[in-house]
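FYI, the numbering just counts along the sequence from 1. Start at 1 and go down the list; that is how both ligands and their atoms are numbered.
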Amino acid sequence: MNDMRIESDHFMAGERKAGVGNATLQLYSPATGEAIAAAPIGTPDEVAAAVTDAEDGLRAWSAFSAEEKERVLFAMATAIDAHGERLAEMESLNTGKSMGIAREEIAGAASVIRFYAGYPTKHHGAQIPTSDPGTLCYTIREPIGVVGAITPWNYPLVIAAGKVAGALAAGCSVVVKPAPETPLTTIELAAIGVDAGLPPGALNVVVGDGSTGAALSSDPRVGKLTFTGSTATGRKVLLAAAANGRPAIMELGGKSPNIVFADVDLPAAIDKIVMGAFANGGQECCAGARVLVEGSAFEEFVELARERIGSLRCGATDDDEIGPLITERHLERVSGFVERALTDGAIVAGRGEIPEKGFFYPPTMLTNVTEEMEICRSEIFGPVLTVDRFEDEDDAIRMGNDTQYGLAAGIWTSSIGRSIRLARELDAGLVWVNSYLAGEAAAPFGGNKASGFGRELGLEGPEEFSQTKVVYVTAPPGS
Ligand code: ADP
């Protein structure tokens, strides 16, 4: 890792730019707690300059033919793969996730860019039937303009790549404001994009904190915002967008139920159910952290889950399954949720072991919980799962939907009929049956209720960044 050059400047108008503000962010290795780099905090003036660059970038990118755009996006995806190991090392260092998981994330970023690389030549309007045979009516799908993208720290590169590639494929330019904790790979994404042929200004990155994000959200020249993060911050971004009369995509929190019926082969399923809650240290907006088990299988489930949780390998080596939390502050937040749950009457029914150094929280299973408790209602974003019981299908649906969120849900059953019924009844943007956390670039992603609105990825992704123009062409009078 010593030979890794850590760059944490902004990236604007096709090049890295040192920050001008006095304040800086300190970046840490969550696995060791050691400081690894400093990064600038983008000022409102720097954000405004990046949006101006993006306006230039929009004009330049619009001059590319659809096929030229595809070549650039393909080249970007290929370059991400070629730089995969370096990017994975950087992501692993900055987030604490193991190299194995970081490699999967980088491969996911290349995959989503490659998926969208095929989009520009297939993205077109329609011809509309007219009442006047002398008039031709057609639609053009046009880019919505400069996209402002605000991203979180849990999957820094793949979330940035999804937003950026969707927006570029629709013909937009982008200003990304990465999370203050994890800007490194997003800056690399922009540098790789320019090397792959993006014109200067098509993709800009302003590093910073909430103040930088607020400046981007309130810039009236931003055509659309796309935000992934907490529900509370998302609402602030939404208010800023509303003040300018601009739309936004909101990918917010979740408290996803993972519903386990007694007819499932529990010993065969237990690992996937447990990892559905603990993957990425539970720092996963879709985490299936609210496990609901059919009454007759409850004791067996808790016993099997306790064994599995006890055997989880926590650490940041290639071989480890559960990494650290992102910051010390977040570690305190997660501990606070569990302490309050214990005061509310919850019982620790299973716990893993953690290394001494780094921002680790032991994977924890809580039982004796009720639906009203904070631990069952709030998003914890750490390796904590609750187990509650339900009596029948109706009860499972009611409890599954008893949340302000609606991002994801899991169903474990050997009954096809039941899986179809529950997949219909659960109010979520995404439902997994007999798996958890599978993801495809081609599948639209997003939530219902307080989990947000708008969809990213899939063919719906770039549609969010386009708007329709209608053209009526009539033969000249007298012709
Ligand atoms: P967390 O609390 O885990 O940092 P947030 O939802 O607050 O999660 O952060 C997600 C992203 O939103 C980050 O890039 C963060 O810097 C940014 N952000 C925080 N506050 C604001 C704000 N007021 N306006 C715009 N972006 C913000």
Colleague: Are any side-chain N or O atoms of Asn94 and backbone N or O atoms of Glu181, one a donor and one an acceptor, separated by less than 3.5 Å?
Modeller: yes

Colleague: May I ask you to decide if Arg308's main-chain N or O and Ser311's side chain share a donor-acceptor pair within less than 3.5 Å?
Modeller: yes

Colleague: Would you call the rings of Tyr116 and Tyr119 parallel, tilted or perpendicular, taking 30° and 60° as the class edges?
Modeller: perpendicular

Colleague: Within a radius of less than 6.0 Å around CD of Glu353, do more than 12 heavy atoms belonging to other residues, nucleotides or ligands occur?
Modeller: no

Colleague: Whether the side chain of Arg141 engages the backbone of His123 through a donor-acceptor N/O pair (distance < 3.5 Å, no angle test) should be reported.
Modeller: no

Colleague: When you pair each N or O of ligand 1 with protein N or O atoms, which pairs come out under 3.5 Å?
Modeller:
unit_1	atom_1	unit_2	atom_2	d
ligand 1	3 (O)	Trp153	NE1	3.1
ligand 1	6 (O)	Ser230	N	2.7
ligand 1	6 (O)	Ser230	OG	2.8
ligand 1	6 (O)	Thr233	OG1	3.4
ligand 1	7 (O)	Thr233	OG1	2.7
ligand 1	14 (O)	Thr151	O	2.8
ligand 1	14 (O)	Lys177	NZ	3.0
ligand 1	16 (O)	Lys177	NZ	2.6
ligand 1	24 (N)	Ala214	N	3.4

Colleague: Using side chain to side chain contact (heavy atoms under 4.5 Å, CB included) as the criterion, point out the one residue from Val431, Leu292, Ile397 that pairs with Ile259.
Modeller: Leu292

